[in-house]
Amino acid sequence: MKKVRKAIIPAAGYGTRFLPATKAMPKEMIPIVDKPTIQFIVEEAIASGIEDILIITGKLKRPIEDHFDSNPELEASLRKKGKEELLELVEETTGLNLYFVRQPYPLGLGHAVLQAKAFVGDEPFVVMLGDDIMADEVPLTKQLIEGYERTHASNIAVMRVPHEETSNYGIIDPEAEVEEGLYNVRKFVEKPNPEDAPSDLAIIGRYLLVPEIFDILEKIEPGVGGEIQLTDAIDVLNKTQRVFAKEFKGERYDVGDKFGFLKTTIQYGLKHPQVKDDLKQYILDLSKELETGAIENSMEPEVHELEDNKENDE
Ligand code: G1P
């Protein structure tokens, strides 16, 4: 059995949910306090034993490459000033085995993954989506790799979501729970309406896939939204060889959504040594103000008049 060594991180989307911030900046570079969201994903890959990472980028995504490159002038300046801790932070993101390829047209997640065909070759690999930061004792990607080592088959991470939200996700139709939290799957369906959803178990952005998926992706017709859907290809794969769904029991932070992003920022801030005490006090004071209504009179920044944040991102 081949070892799982490679990960791909699709990062070519426009990030329309975060406009105007993402007009000229990749959404993957928006920081949670001080760390770009894509760095959390790269760290999960490395903590899971992944050796090589391919990031699928597109137009305006250069800052991601720069972030993981060295910056000799900055490093020299920090060294000269004796700022060792900051220097360490900068150096941590340098010298990793990262590779980049562009997705020339935004034709869907399946099409983005297809750009990794030559990089992956004939090895099993993981796909990690940048909108979800996962926290658990064992990193989720490592859990999937362990699942592959036991089952010798593709393992897709799923999690229960509120029934009214099924149209935001790929949803599985579970056939049987073969062991605790591991399902055989009858069908994988991309973004079904709640009335058509076969369950509340949603695909959450971590996939362990066998390389046979590429032949399927090359032939598959566009699905929901006119896009080449990874979920549809997985459904076809499941007809010729088992694809398991692994239920994730840890914490998922959806940073691809404004409210999820704010919650993650607060949770991370409450653990961050430089701000945690001040932030905790601020939240306590703010809750009192919210209770008494005093907040109504406070200064308000100008907020965009956008109503729906549930639109699918592009
Ligand atoms: C993608 C997948 C979907 C999955 C979701 C997880 O959708 O197509 O199956 O459930 O990621 O975040 P997107 O969020 O890119 O619309």
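Keep in mind that the numbers below use all heavy atoms, side chains included, and drop hydrogens, waters and symmetry copies. Both ligands and their constituent atoms are indexed starting at 1 by order of listing.
- Rounding to the nearest 0.5 angstrom, the gap separating the CG atom in Asp136 from the CD atom in Gln143 is 5.0 Å.
- Within the 4.0 Å heavy-atom criterion, the part of Thr231 lying near ligand 1 is the side chain and not the backbone.
- Of all atoms in ligand 1, numbered sequentially from 1 with element shown, those under 4.0 Å from a heavy atom of Ile203 are 4 (C), 6 (C), 10 (O).
- Not a single N or O atom of Tyr169, backbone or side chain, sits closer than 3.5 Å to an N or O atom of ligand 1.
- Checked against a 3.5 angstrom limit, the closest N/O atoms of Asp131 and ligand 1 fall outside it.
- With sequence neighbours excluded, the residues forming a salt bridge (Lys or Arg N to Asp or Glu O under 4.0 Å) with Glu43 are Lys35, listed by chain and number.
- A salt bridge between Asp173 and Lys187 is absent, with no side-chain N of the basic residue lying under 4.0 Å from a carboxylate O of the acidic one.
- In the vicinity of Asp132, heavy-atom distances shorter than 4.0 Å reach the ligand 1 atoms 12 (O).
- Hydrophobic cluster of Val275: no remaining members, since no ILVMFWY side chain lies below 4.5 Å from it.
- Counting heavy atoms under 4.0 Å from ligand 1, residue Asp254 does not touch it at all.
- Residue Gly170 has at least one nitrogen or oxygen atom sitting less than 3.5 Å from a nitrogen or oxygen atom of ligand 1, judged on distance alone.
- At least one donor-acceptor pair closer than 3.5 Å links the side chain of Thr166 to the backbone N or O of Pro192.
- Of the listed residues (Arg17, Glu227, Gln229, Glu190), the one carrying the non-hydrogen atom nearest atom 9 (O) of ligand 1 is Glu190.
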Worked check of side chain to side chain donor-acceptor pair (under 3.5 Å) between Asn71 and Glu75
CA-CA 6 Å; Asn71 185 335; Glu75 285 159 35; over 6 Å; no
